[in-house]
Student: 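Quick one: the structure is below, questions incoming.
Hydrogens, waters and symmetry mates are skipped; everything else that's a heavy atom, side chains included, is used. Quantities reported herein were computed from a predicted structural model and do not represent experimental measurements.
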Amino acid sequence: MLYSYAGFKVKVMQEQGVVKRITILGEAREVLPALPRSMKLDLSGFTPFERAVMEKAREIPPGKVATYATLAKAAGYPGAARAVGNVMAKNPFPIIVPCHRVVRSDFRVGGYAYGGEVKRRLLRAEGVAFAGERVKKPYLWNF
DNA sequence: GCACTGGATGTTT
DNA sequence: AAACATCCAGTGC
């Protein structure tokens, strides 16, 4: 099923009503239904750590960001900032698990599977403001 | 303030 | 043992 989100075309692959994988295809040039925020995800096959991180990340609302370190702590694994980065890097559910809202402690955006430019555009579309390369501090989400 | 460094860190494979 | 979408304290502009 195809949706749009923040000007991007998004492909959602489901089986029996459960989302298996999401991919961002590129610019949405046609009118498509908006991506629903609540979808049931297939979280089988993930470790307890990965599940905790993804579920906590879903709490970050549009227009806010968390850092890898604050997300690690909120998920119950203080100090696991780098391991959180590992989870985000393999996130099969971009946008629904909003890994684009997780940034570095110095407020630079950090990595993104589709590149830093896409990450910045998603954040800007959600209302996040930047000062140069960095997200402005008031946009930090407190869990 | 900026840029860079080296070492520590937690989890996965 | 190695990899990693990080962090922090230190150093020098």
Side-chain angles (χ1 to χ4, degrees), chain A residues 1-16 18-29 32-143:
Chain A
M1 185 68 189
L2 290 177
Y3 298 94
S4 76
Y5 186 83
F8 289 100
K9 186 190 287 189
V10 178
K11 183 180 184 185
V12 178
M13 303 169 80
Q14 327 187 37
E15 284 172 24
Q16 287 114 32
V18 225
V19 180
K20 294 283 195 187
R21 165 158 208 141
I22 296 176
T23 51
I24 298 174
L25 297 178
E27 308 267 343
R29 312 224 160 192
L32 294 165
L35 181 71
R37 189 126 131 73
S38 267
M39 305 188 85
K40 190 158 170 110
L41 307 179
D42 179 13
L43 293 181
S44 66
F46 291 94
T47 66
F49 171 72
E50 291 169 322
R51 272 199 282 272
V53 169
M54 292 198 280
E55 281 163 10
K56 208 68 190 170
R58 286 191 86 173
E59 296 179 13
I60 310 166
K64 290 287 181 182
V65 300
T67 73
Y68 295 99
T70 63
L71 176 55
K73 188 166 146 198
Y77 296 79
R82 194 161 189 175
V84 164
N86 290 344
V87 177
M88 295 322 203
K90 296 170 195 151
N91 172 24
F93 313 111
I95 301 181
I96 296 297
V97 174
C99 54
H100 61 286
R101 297 184 195 133
V102 186
V103 302
R104 300 172 51 120
S105 288
D106 62 6
F107 288 90
R108 299 196 315 244
V109 292
Y112 196 59
Y114 296 91
E117 279 311 305
V118 175
K119 191 167 181 175
R120 271 186 280 272
R121 275 182 53 185
L122 287 168
L123 290 173
R124 282 201 48 96
E126 293 174 346
V128 172
F130 286 79
E133 292 277 290
R134 302 179 185 215
V135 169
K136 289 189 175 178
K137 295 196 177 154
Y139 293 89
L140 180 64
W141 173 251
N142 282 297
F143 286 100

Student: Just the rounded figure in Å: distance from C1' of B:dC4 to CZ of A:R104.
Tutor: 12 Å
Student: Return the value, rounded to whole Å, for the distance between atom NZ of A:K90 and atom C1' of B:dT13.
Tutor: 8 Å
Student: Regarding A:E50 and A:K90, does a basic nitrogen lie under 4.0 Å from an acidic carboxylate oxygen?
Tutor: no
Student: From B:dT12, B:dG10, C:dC8, pick the nucleotide closest to the side chain of A:N86?
Tutor: B:dG10
Student: CE of A:M54 versus P of C:dA5: gap in Å, rounded?
Tutor: 16 Å
Student: Which nucleotide in the set C:dC7, B:dT12, B:dA8 lies at the smallest distance from any side-chain heavy atom of A:R82?
Tutor: B:dA8
Student: Mind checking if A:G79 touches a base, just sugar-phosphate, or nothing, with heavy atoms under 4.0 Å?
Tutor: sugar-phosphate
Student: What is the distance, rounded to the nearest whole Å, between atom CZ of A:F107 and atom P of C:dC7?
Tutor: 10 Å
Student: May I ask which nucleotide in the shown strands pairs with C:dC7, Watson-Crick or G-U wobble, both distances under 3.5 Å?
Tutor: B:dG7
Student: Please check if atom CE in A:M13 has more than 12 non-hydrogen atoms from other residues, nucleotides or ligands closer than 6.0 Å.
Tutor: no
Student: Roughly how many Å is it from NZ in A:K73 to C1' in B:dG10, rounded to a whole number?
Tutor: 16 Å
Student: Do A:N86 and A:Y68 touch side chain to side chain, with heavy atoms closer than 4.5 Å?
Tutor: no
Student: Write down the distance between CZ (A:F46) and P (B:dT11), rounded to a whole number of angstrom.
Tutor: 17 Å
Student: Check every strand shown and say whether A:A89 touches a base, only sugar-phosphate, or nothing at a heavy-atom separation below 4.0 Å.
Tutor: base
Student: Quick check on C:dC7: is either OP1 or OP2 less than 4.0 Å from any side-chain nitrogen or oxygen of A:S105?
Tutor: yes
Student: Please determine, for the side chain of A:Y77, which listed nucleotide (C:dT6, C:dA5, B:dG10) has the closest atom?
Tutor: B:dG10
Student: Let me know the distance between CE of A:M88 and P of B:dT12, rounded to the nearest Å.
Tutor: 14 Å
Student: Would you kindly give the CZ-to-P distance between A:F49 and B:dT9, to the nearest whole Å?
Tutor: 16 Å
Student: Can you tell whether the side chains of A:R121 and A:E27 come within less than 4.0 Å, N to carboxylate O?
Tutor: yes
Student: Can you check whether A:T47 has a side-chain N or O nearer than 4.0 Å to OP1 or OP2 of B:dT12?
Tutor: yes
Student: Measuring from the side chain of A:A113 (C-beta onward, heavy atoms only), which nucleotide among B:dG10, B:dT12, C:dA5 has the closest atom?
Tutor: C:dA5
Student: Could you tell me whether the side chain of A:R120 and the main chain of A:V109 form a donor-acceptor pair under 3.5 Å?
Tutor: no
Student: If you check the A:A83 side chain, which of C:dT6, B:dT12, B:dG10 turns out closest?
Tutor: B:dG10
